[in-house]
Every structure is written in C-alpha cells, then in structure tokens.
Number of protein chains: 2
Amino acid sequence: MKQVAALAGVGIKTVSRVVNHEANVAPATASRVWDAVRALDYHVDLQAGSLRRAGGRTRTLGLLVSSVDNPFAGAIHRAVEDAAVERGVSVFTSSLDDDPLREAYAVSAFLQRRVDGLILTTASPRPQYLGAVLQRGLPVVYVDRKPVDETLDAVTSDNRAAAELATAHLISHGHRRIALLADRLDIGTARERQRGFLDALGHAGISTTLAPMVTELHDAASAQVALARLLASEAPPTAVFSAQNLITVGALHALRVAGLQHAVALVGFDDIPLADLVEPGVTVIAQDPQQIGRVAVERVFARLEGDTSPARHTITPTKLIPRGSGEIAPAAE
Amino acid sequence: MKQVAALAGVGIKTVSRVVNHEANVAPATASRVWDAVRALDYHVDLQAGSLRRAGGRTRTLGLLVSSVDNPFAGAIHRAVEDAAVERGVSVFTSSLDDDPLREAYAVSAFLQRRVDGLILTTASPRPQYLGAVLQRGLPVVYVDRKPVDETLDAVTSDNRAAAELATAHLISHGHRRIALLADRLDIGTARERQRGFLDALGHAGISTTLAPMVTELHDAASAQVALARLLASEAPPTAVFSAQNLITVGALHALRVAGLQHAVALVGFDDIPLADLVEPGVTVIAQDPQQIGRVAVERVFARLEGDTSPARHTITPTKLIPRGSGEIAPAAE
DNA sequence: ATGAAAGCGCTAACAA
DNA sequence: TTGTTAGCGCTTTCAT
C-alpha cells in the first residue's frame with residue numbers, strides 16, 4: 001500500500017480510502033490511485049486490515065460439513081458460497097467425517113483464522129468448543145444436526161416425521177416386515193430417523209419383532225452387506241427403509257445382486273442422483289440441502305448485522321417422491 | 001496472547017514459543033502456559049502472526065473448481081483437503097461456473113487473503129491475473145484444464161486421447177452415425193474432447209457429415225433437449241458420445257423418454273454416480289478426480305517447500321468402463 | 001531459558 | 001479532501 005501511495009503521489013491513508021470505497025476522495029485522486037493499483041497489481045491485505053478494523057471482521061466464514069464430496073454437503077456448500085460472494089466473503093470448508101476430534105480440530109482451525117461466523121454440522125452431542133465460540137460472540141448456525149441441550153440457531157429437517165412418513169408409505173402399500181438400515185446411532189439424525197420408523201410401526205400396530213433393524217452402517221458397502229444378509233435370512237423383509245443416501249446406494253446394489261429390485265420395496269432418506277433413471281425409480285424422502293444452506297447463511301449474516309433475536313430452529317420441509325421402488329406391494333405369502 | 005502471558009506469569013514471547021512448539025522452553029513453563037491457554041480458551045491469531053512471520057505464510061490455500069456441488073469437483077476438493085489438514089493448512093474453495101469474471105474475482109479474493117498457494121480450474125485461456133500471481137512467487141497448479149501458452153504446473157487427463165478411445169469403442173461395435181454432445185467450445189477440455197472424437201472418426205474413415213455434433217451444452221436439461229431433437233430427426237444417430245457428466249445425465253433422460261436406452265449406444269465422459277445401477281449400465285470414460293486433486297496439492301506443497309524444478313504437466317490416467325450402454329450394436333437398417 | 005523492543009500492513013482517530 | 005500517528009496481535013531480532 002505504501003508503494004501504491006508513493007506511485008500515486010498520495011498518502012497511504014488515501015489509498016486505503018480508495019480501495020475501501022470510502023467517501024471523501026476527489027475523483028481525480030481516486031483514479032490516480034486506481035492507476036497505481038493496477039500498475040502494481042496491488043491487492044489489499046485483508047488480514048492485516050482486519051487486525052485494526054472495528055469489530056475485527058475478516059470477511060471470512062467457516063463451514064463444516066459431513067464431507068465435501070457428499071452431494072448433500074455439496075448443495076449446502078454451494079448455497080453458502082453464493083450468499084457469501086454477494087457480500088465479498090470467502091468460505092473455509094472442512095469435512096467432518098462424523099469424527100468429534102476432527103470436528104474440534106476444524107473449528108479450532110477456523111477460530112485461529114478468525115472467521116466471522118460458523119456454519120457447522122456436528123458429530124458431538126455436546127461440543128466442547130461451543131463455550132469458546134459463544135463467548136467470543138461468534139455467530140454459529142448448525143445445519144442438518146444440532147447439539148442437544150443448547151438453544152442455538154439451527155436449520156434441519158424434521159427427521160423423525162419424515163422417517164415416519166417414509167415408513168407409513170411402505171405400510172400403506174401392505175408391508176409389515178420392514179427392515180431399517182441406519183447410520184451410527186450416536187449421530188442424532190440417525191436416532192431421529194429410527195424413532196420415526198418405530199413411530200410408524202407403533203401407529204400401525206406392527207410388532208418391532210417383525211422389523212429387522214441394522215444400524216451403525218456408514219457407507220454403501222456395509223449397507224450392501226447388511227441387506228444381502230437380511231435378504232438371505234429365513235424371514236426376509238418385504239420392504240426396506242434406508243435412512244441415509246449412501247446406505248440407499250448400498251441397498252440398491254444388494255437388491256440388484258439378489259435380483260429383487262422389483263420384488264422388495266425400498267424408500268430411501270435423501271434424494272440421490274439418477275434416482276429417477278434406475279429401474280424401478282427410487283422412492284425417496286428428499287430434503288432440500290440448497291435451502292438448508294441458504295437459510296443458514298442468511299441467519300449468520302443477520303447475526304453479523306446485529307440481529308439479537310432469540311435463537312431460531314428452522315425446520316425445512318421434506319417431501320416424499322414416489323418413483324416406483326416404494327410402491328411395490330409385498331409378494332403374497 | 002498478552003492475557004495468557006499475564007495469567008501464566010511469563011513474557012508474551014514465551015507464550016508464542018509454546019503455542020508454536022518452538023524449542024528452548026522449560027517443560028514446567030510450557031505446562032503453565034498450556035494451562036492458561038486452556039483456561040482462557042485461547043486460539044492464536046494466525047493472521048496477525050503471518051503478518052510478521054518470515055515468508056508471510058498464512059497456512060491457507062485457495063481452490064477454484066467448476067462448482068462445489070459437482071461430484072467431480074467434490075472429489076478433487078476432498079483430496080486437497082486431506083493433504084492440507086495433515087499440514088495444518090485450511091482451504092478456501094470457490095466455484096468457477098465457467099465464468100472468467102467469476103474466476104478473476106475468486107483469485108483476487110484469494111490474493112487479498114494472502115493464500116500460500118493456488119489450485120485452479122480455469123475458464124480463461126489466458127487469465128489476466130496470472131502475471132500478478134507468478135510475480136508474487138505464489139505456487140499455482142492448474143487442475144482439469146490449463147491456460148494455453150503457459151508453462152505451469154498442471155494436472156489433467158488426456159482428454160483428446162480418452163475421447164478418441166470412447167468414440168473408437170462405439171465404432172468397434174459397428175456404429176458409424178455417432179452423435180457428439182459437448183460443452184461450450186471455449187472450454188479447453190470440450191475442444192480437446194471434440195478433437196478426440198474427430199480423430200476417431202478420421203481413423204475409421206467415417207465422414208463427419210454422418211456425425212451430428214451439438215456443442216455449447218452446459219447442463220443436463222439442454223443436453224436432453226438436444227438429444228431428443230437428434231433422435232427425432234430423419235437420420236438419427238445410432239450412438240452417442242456425451243462429453244461431460246451433466247450432459248450424460250441429460251442424454252440418459254432423453255434416451256429413456258424416447259424408450260431407446262436399449263437401442264442407441266451411449267458412452268459418457270466422466271463417471272456418474274449409480275452408473276452401474278441404471279439399465280443398461282452406463283459405459284463411461286472415468287477420470288480419477290481423487291488422484292488429480294492429490295497430485296495437484298502435493299505439487300503445491302512441494303513448491304512451497306522449495307522445489308524449483310521446471311513446471312510439470314501430469315497426465316492422470318483415464319479408463320473406459322464398459323457397463324452395457326456402450327456395447328449396444330446399431331440396429332440393422 | 002526468557003524477555004524487551006521493533007515492526008509486519010493496515011485502519012481508527014485525529015489533525016490540518 | 002488529505003495526511004499523520006498510534007496500535008491491532010503477533011514474530012523477529014537481539015539482549016539478558
């Protein structure tokens with residue numbers, strides 16, 4: 001900046017004023033400064049600036065998602081980025097991998113870089129770092145899952161109700177022996193979805209002894225193995241509720257390998273790409289990750305602009321998309 | 001840091017030494033400092049530090065990809081992140097949207113935040129910002145595409161050869177009237193893929209008048225419309241080479257709607273999720289985005305560690321995965 | 001092994 | 001409208 005000032009023949013503060021679009025600069029002076037900026041390929045050092053700037057804003061956000069290569073997270077990320085660029089804010093993104101240690105590490109990395117706000121997916125029911133974050137007055141919004149016991153801004157789906165709807169959908173098509181394939185139960189959403197599943201069985205008066213539940217599934221491969229085993233058992237399920245996108249993919253593979261994709265019904269939680277192109281089409285409960293991201297980032301910016309209203313937990317809508325796999329009737333016994 | 005120093009009863013420099021794991025601190029002193037750090041939930045300000053630090057490193061990287069919600073980009077991103085966390089480096093990610101303006105803006109945002117290195121996908125054949133970047137000695141590695149005329153580190157696939165392979169595969173199954181569906185030709189990879197397509201036709205002695213080529217396609221919807229139109233024409237293609245993942249998805253929809261998915265052959269560039277579950281399976285040329293990201297980030301870190309060897313253009317392997325759609329023979333005429 | 005002082009690039013506060 | 005000075009939180013250099 002000093003060099004620019006020298007080249008433009010002005011004081012350093014004038015350069016600062018110009019590059020920050022402050023008022024009270026003569027147009028002629030401004031254009032001389034811009035010329036110097038271009039001549040030197042100068043880019044302000046936002047980091048140095050934020051050191052002194054009132055409020056210490058860095059024009060930077062931290063985003064923590066399950067994994068940056070998961071399509072659900074990708075959609076959230078895109079929504080966050082779009083709102084951020086509009087405001088000249090850049091986004092640090094990290095992957096959680098459902099590991100509380102990795103979560104703590106990522107948040108700490110964000111804190112060390114003095115982000116202005118956090119959008120977090122959490123693996124910990126009670127994250128240790130929250131105290132430090134809140135005490136600093138840093139806006140935090142949880143997406144997809146939220147810590148228990150805490151009144152915080154959060155944007156999630158109603159996992160329990162949606163899972164109940166999915167299961168009821170299968171029941172309404174005549175199924176009674178319905179399998180649940182779910183993620184690790186230490187993840188809140190997995191628990192919620194299991195509860196919804198059980199709610200639906202309860203309302204229909206179906207004994208849970210009929211319902212094989214396999215949990216602690218974490219990827220497509222383990223889900224495929226689990227379902228293959230169920231299908232080969234003596235009382236195989238006539239329908240499956242797969243409670244997460246990767247699990248649905250594994251379930252699809254297992255059904256395909258067993259040649260049962262037209263015989264065993266399937267409803268998945270979370271939409272998956274090409275779900276409409278497989279045969280039969282995959283019936284899913286679709287969340288709206290785009291909207292989750294959008295609402296979350298707006299919440300962060302609102303907080304940054306001084307909104308001090310009480311914490312808000314926004315529930316974004318889900319919808320059941322029937323495509324065929326969820327409408328298969330059970331084989332007559 | 002001053003507060004920590006006060007609480008621990010040491011000088012500020014000692015705190016700096018401890019949190020940066022420097023030598024020459026008495027174990028007893030160090031543990032007193034750590035206690036204070038924990039008591040105050042203190043996190044170093046890396047930004048302030050890098051202001052004075054030799055080399056001015058910020059432990060930060062800038063990554064520019066097509067779009068953060070594209071699975072191809074997600075895989076690259078993940079590989080970059082994994083290598084970065086290992087080194088305590090955080091990653092800024094932005095989406096390019098194949099817009100040179102957005103590209104320039106993103107790079108400028110990275111520069112203003114003083115990233116240590118850049119991993120870029122480019123939409124500009126000759127990016128303006130390169131001068132400023134190179135002059136600063138910032139390591140840049142291009143992924144997926146690279147600017148022309150520049151000797152720079154880059155990691156790409158051999159798009160031309162892979163496209164030729166895909167097309168030759170269709171020809172070897174008896175096709176002569178093969179359609180090309182491609183992206184905007186101002187994108188280098190789209191041009192390369194078209195060249196490879198033409199190479200294969202040339203080698204087989206097939207006149208290009210037989211080959212309907214639709215370019216400037218940019219998403220699934222436009223690709224679907226384009227293929228639907230071709231299929232309805234008086235001399236419809238018996239095979240299709242779709243030169244990008246979203247275009248492949250659009251092509252699949254068009255074939256499905258026309259009921260021709262078992263009649264018209266299809267090979268896609270880039271693997272797509274669930275490609276093996278649709279009927280018939282989708283034959284694709286698969287790149288290895290994970291490896292592209294891994295090689296690129298290693299290159300950046302090597303440069304940061306002082307590697308001054310000449311720029312290297314790494315070609316990562318692609319492979320043709322036959323799954324059914326590419327092995328359909330043309331209908332007898 | 002520890003600390004004091006200077007200064008990184010910038011912006012706030014104030015002066016001219 | 002413009003410039004000067006101090007100081008943000010840290011690391012460097014140098015002294016102890």
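Taking every nucleotide of DNA chain D with any atom under 4.0 Å from a non-hydrogen atom of chain A, the first and last of them, 5' to 3', are D:dT1 to D:dG9.
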* Structure fact -> For nucleotides 9-16 of chain C, 5' to 3', base contacts (B), sugar-phosphate-only contacts (S) and non-contacts (-) with protein non-hydrogen atoms under 4.0 Å give BSBBB---
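A:Arg184 and A:Asp97 are not joined by a salt bridge, as no carboxylate oxygen comes within less than 4.0 angstrom of a charged side-chain nitrogen. A salt bridge is absent between B:Arg299 and B:Glu305: the closest approach of a Lys/Arg side-chain nitrogen to an acidic carboxylate oxygen does not fall below 4.0 angstrom. In this structure, B:Arg53 does not pair ionically with B:Asp116, as no charged nitrogen and carboxylate oxygen lie closer than 4.0 Å. Under a 4.0 Å N-O distance rule, the pair A:Asp35/A:Arg32 does not qualify as a salt bridge. Taking a cutoff of 4.0 Å between a charged side-chain nitrogen and a carboxylate oxygen, B:Glu103 and B:Arg126 do not qualify as a salt bridge.
The side-chain contact (heavy atoms from CB on, under 4.5 Å) test with B:Val155 singles out one residue from B:Val297, B:Asp144, B:Val141, and that residue is B:Val141.
Rounded to 10 degrees, the angle separating the terminal helix axes of the helix from C:dA1-D:dT16 to C:dA16-D:dT1, each built from five base pairs, is 30°.
The ring pair (Phe, Tyr, Trp, His ring centres under 6.0 Å) check on B:Phe92 picks up A:Phe92, with sequence neighbours excluded.
Side chains of A:Gln287 and A:Ser157 form a contact here, defined as non-hydrogen atoms less than 4.5 Å apart.
Counting only residues at least two apart or in different chains, ring pair (Phe, Tyr, Trp, His ring centres under 6.0 Å) contacts with residues 49-69 of chain A are absent. Screening residues 57-79 of chain A for ring pair (Phe, Tyr, Trp, His ring centres under 6.0 Å), with sequence neighbours left out, gives A:His77-B:His77.
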